[in-house]
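Okay, structure first, notes after.
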Amino acid sequence: RALHRDPALRRWADQAHYYLSVQSQAAREAGFKVLSPAEVITALTGGAPANPADLRSLGEDHLCELVHLWRGMDTFVLQHFWRDDGKTPRVENECRDVLLHDLRPRLARLDVALTPERSAARGKRADLCAELLRDGHRMALPIELKKQNHEDLWTAWRDQLDRLYTVDPDGGGLGLYI
């Protein structure tokens, strides 16, 4: 991490970031806990997530279902992401709220709370956070959102989600970037 932040080594920043990601993944895998048969059955039968990776997969699945639903509905839900003129996209927080409105009840059925603007390390805030308390242990999945016209679209996954939010000790080093 020190090499990655060192301005004198800026030329090597991409390589340092790559190896930092490889090391983070190795640390996650080393700390992986094998699930009990009961936990596997619960997860496979539509129960609450068993671990942070399961929580991330659950979030991804529900997001994909929503996109499929929104694109095919006769009520054209996608219009809620645009201003009344139909040409100007809404601001990021308004779009986040549309997503939150539809995603929150889906996750709540599995005892997963979805909150906006959750506090993170260093006084920062993740756009959304999915959280679950299971067997006395908290699981968290930070979610960072960027619109297609945001100037940080191609770097926020690294500069915000990876650097600031996936450090949550209850998140297993994982997050979602939308």
**OP:** State, yes or no, whether a side-chain contact exists between His62 and Glu65 at a heavy-atom distance under 4.5 Å.
**Re:** yes
**OP:** Begin from the C-alpha positions of Val77 and Asp102 and carry the test side-chain contact (heavy atoms from CB on, under 4.5 Å) through to its verdict.
**Re:** CA-CA 10 Å; Val77 174; Asp102 286 359; 4.2 Å; yes
Original post:
Does any non-hydrogen side-chain atom of Tyr165 lie less than 4.5 Å from one of Gln160?
Top reply: yes
Original post:
Between Arg158 and Arg163, is there a donor-acceptor pair closer than 3.5 Å when you use the side chain of the first and the backbone of the second?
Top reply: no
Original post:
Any sub-3.5 Å donor-acceptor pair from Arg90's side-chain atoms to Trp82's backbone N or O?
Top reply: yes
Original post:
Do the side chains of Tyr177 and Lys146 get nearer than 4.5 Å, heavy atoms only?
Top reply: yes
Original post:
Is any side-chain heavy atom of Leu63 closer than 4.5 Å to a side-chain heavy atom of Leu99?
Top reply: yes
**OP:** Taking only Lys NZ, Arg NE, NH1 and NH2, and the carboxylate oxygens of Asp or Glu, determine whether Asp152 and Lys147 approach each other closer than 4.0 Å.
**Re:** no
**OP:** Look up atom CG in Asn93 and atom CG in Asp127, then write down how far apart they are to the nearest 0.5 Å.
**Re:** 7.0 Å
Subject >> Full working for side-chain contact (heavy atoms from CB on, under 4.5 Å) between Thr166 and Leu174 >> reply: CA-CA 5 Å; Thr166 62; Leu174 302 173; 5.8 Å; no
**OP:** Walk me through it: do Glu144 and Leu176 pass the test side-chain contact (heavy atoms from CB on, under 4.5 Å)?
**Re:** CA-CA 6 Å; Glu144 180 61 25; Leu176 274 178; over 6 Å; no
Original post:
Under 6.0 Å from the NE2 atom of His150, do we count more than 12 heavy atoms belonging to anything else shown?
Top reply: yes
**OP:** Can you measure from CD (Glu92) to CG (Leu145) and round to the nearest 0.5 angstrom?
**Re:** 6.0 Å
Subject >> Heavy-atom donor-acceptor pair, Asp85 side chain to Thr88 backbone, under 3.5 Å >> reply: yes
**OP:** May I have all residue pairs that pass side chain to side chain donor-acceptor pair (under 3.5 Å) and include part of residues 9-20, sequence neighbours excluded?
**Re:** His17-Asp162
Subject >> Any side-chain heavy-atom pair of Ile143 and Cys129 under 4.5 Å >> reply: no
Original post:
Is there a path of hydrophobic side-chain contacts, each under 4.5 Å between heavy atoms of I, L, V, M, F, W or Y residues, that connects Leu58 with Leu69?
Top reply: yes
**OP:** Could you pull out the closest heavy-atom pair between Ala140 and Arg138, with the gap in Å?
**Re:** CB-NH2, 3.3 Å
Subject >> Euclidean distance, Leu107 CG relative to Leu100 CG, rounded to 0.5 Å >> reply: 9.5 Å
Original post:
Does Phe81 share a hydrophobic cluster with Val91, counting links as ILVMFWY side-chain heavy atoms below 4.5 Å and allowing steps through other members?
Top reply: no
Subject >> Reported CG-to-CG distance for the pair Leu114 and Leu128, which is rounded to 0.5 angstrom >> reply: 5.0 Å
Original post:
If you count the non-hydrogen atoms of other residues, nucleotides and ligands that lie under 6.0 Å from CG in Asn149, is the total more than 12?
Top reply: yes
Original post:
Is there side-chain contact between Arg104 and Pro116, with heavy atoms separated by less than 4.5 Å?
Top reply: yes
**OP:** Search all heavy atoms of Trp157 against all heavy atoms of Trp154 and return the closest pair with its distance.
**Re:** NE1-O, 3.1 Å
Original post:
How long is the span from the CG atom in Leu110 to the CG atom in Leu55, to the nearest 0.5 Å?
Top reply: 10.0 Å
Subject >> Pairwise side-chain contact, Glu131 with Met139, heavy-atom cut-off 4.5 Å (strictly under) >> reply: no
**OP:** Check side-chain contact (heavy atoms from CB on, under 4.5 Å) between Ser57 and all other residues, then give those that pass, not counting sequence neighbours.
**Re:** none
Original post:
At what distance, to the nearest 0.5 angstrom, does NE2 of His80 lie from CH2 of Trp70?
Top reply: 10.0 Å
Original post:
Just wondering, do Pro49 and Val112 contact through their side chains at under 4.5 Å, heavy atoms?
Top reply: yes
Original post:
Would you call Glu94 and Arg96 a salt bridge, using N to O less than 4.0 angstrom?
Top reply: no
